[in-house]
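See structure below.
For ligands, and for the atoms within them, numbers begin at 1 and follow the listed sequence. Side-chain atoms are counted along with the backbone in the values below, which use heavy atoms only and exclude waters and symmetry mates.
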Amino acid sequence: MSETKDAGTKQPVASGAQRGSDATARRPLGVMAALPDELGDLVAAMRAEGEVRTVTHGQRDYHVGTVHGAPCVVTLARVGKVAAAATVSALIHAFDVAAVVFTGVAGGVGREVQIGDIVVAHTLMQHDLDASPLFPRFEVPLLGIARFAADASLAEALAAACENFIAQEGGALAERFGTARPRVHRGLVISGDQFIASSAAVNALRAALPDALAVEMEGAAIAQVCYEYGVPCAIVRTISDTADVHAPASFSTFLVEIAGTYSSGILRRFLQGRG
Ligand code: ADE
């Protein structure tokens, strides 16, 4: 095991198209989270598996190596849509990732979505984007799209990894963390540059977007950038809170004590299927 660090590296790797005849090169998967606790043991698992090259680019560290047999570039986006868009753009341009997976926590919005459940996004949208009356509310101006689809097969593989994780560890998780036995949901995830922490705010989101299952601060930005560059993406979120007045405390506890267990368990199963 060894590690190299290329601080400030500005040299992108060759893109898939530029590599041309080098058909044997396997393009890596980009794996992202906002905060360190949301990444679980992924970087440690990469280090345990072999050499890790860490490239610093735009004030973020990108760890290049193999995790659970799959070539990956692992990084932290930090919080919010701009941070997420900048980071996924670097994954695409500087690291030529074949696809992007984002893992982390979210607030539950759907009435049936409880703390400890998992939501795999089928579609994503920015709940705080509103250029009306010039463009319809929620629509990305000039792109003409409000809802971005996750890649169907990537999302299904991620959901299968979640189902497997819950089948094997759900009972123990519920006992350990005092939650109900977790369930896996698939559907709409909404993103905005706000931490939602009141009944009024979450009810307003429910009224505007009745099919929303979870709210967070990065997913739709990643989905938009991936759409624009034709890169498949999938987003998985564990529910840390219900976006009400209890959300700050619930989020903080869940983040530190539980989020990593979910991300590690889900990503191990997902990556082993790709290795
Ligand atoms: N991520 C986790 N909980 C959240 C909430 N309540 N609002 C926005 N993002 C979140």
With heavy-atom distances below 4.5 Å as the criterion, would you say the side chains of Val109 and Val202 are in contact?
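Yes, at least one pair of side-chain atoms sits under 4.5 Å.
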For ligand 1, which atoms sit closer than 4.0 Å to a heavy atom of Ala243?
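Those atoms are 6 (N).
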Just jot down the ligand 1 atoms closer than 4.0 angstrom to any heavy atom of Ser240, in number order.
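In order of number, 2 (C), 3 (N).
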Might you confirm whether atom CD of Glu112 has over 12 heavy atoms from other residues, nucleotides or ligands at distances under 6.0 Å?
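More than 12 heavy atoms, drawn from other residues, nucleotides or ligands, come within 6.0 Å of this atom.
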Heavy-atom count around Phe135 CZ within 6.0 Å, excluding the residue itself: above 12?
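Above 12, so yes.
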[atom]: nearest protein contact (heavy atom, Å):
atom                    : result
atom 3 (N) of ligand 1  : Asp241 OD2, 2.6 Å
atom 9 (N) of ligand 1  : Glu216 CA, 3.4 Å
atom 10 (C) of ligand 1 : Val215 O, 3.6 Å
atom 8 (C) of ligand 1  : Gln194 O, 3.5 Å

Please work out, at 4.0 Å between heavy atoms, whether the side chain, the backbone, both, or neither of Phe195 comes within that distance of ligand 1.
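Both parts.
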Counting only heavy atoms closer than 4.0 Å, does ligand 1 sit against the backbone of Ala106, its side chain, both, or neither?
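Answer for Ala106: backbone.
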So, is Ile196 polar-close to ligand 1, with some N/O to N/O distance under 3.5 Å?
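N/O-N/O distance under 3.5 Å: yes.
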Under 3.5 Å, N or O to N or O, is Gly107 touching ligand 1 that way?
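Yes: some nitrogen or oxygen of Gly107 is under 3.5 Å from one in ligand 1.
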Hey, what's the ring geometry for Phe95 with His57, parallel, tilted or perpendicular (30° and 60° as the breaks)?
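Rings of Phe95 and His57: perpendicular, as their planes differ by over 60°.
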For Glu38, is there any backbone N or O sitting under 3.5 Å from a side-chain donor or acceptor partner on Ser263?
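Yes.
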Does Arg60 reach the main-chain N or O of Ala77 with its side chain, forming a donor-acceptor pair under 3.5 Å?
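Yes: the side chain of Arg60 pairs with the backbone of Ala77.
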Hey, are Asp61 and Thr54 close enough side-chain-wise for a donor-acceptor pair under 3.5 Å?
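No - no donor-acceptor pair under 3.5 Å links their side chains.
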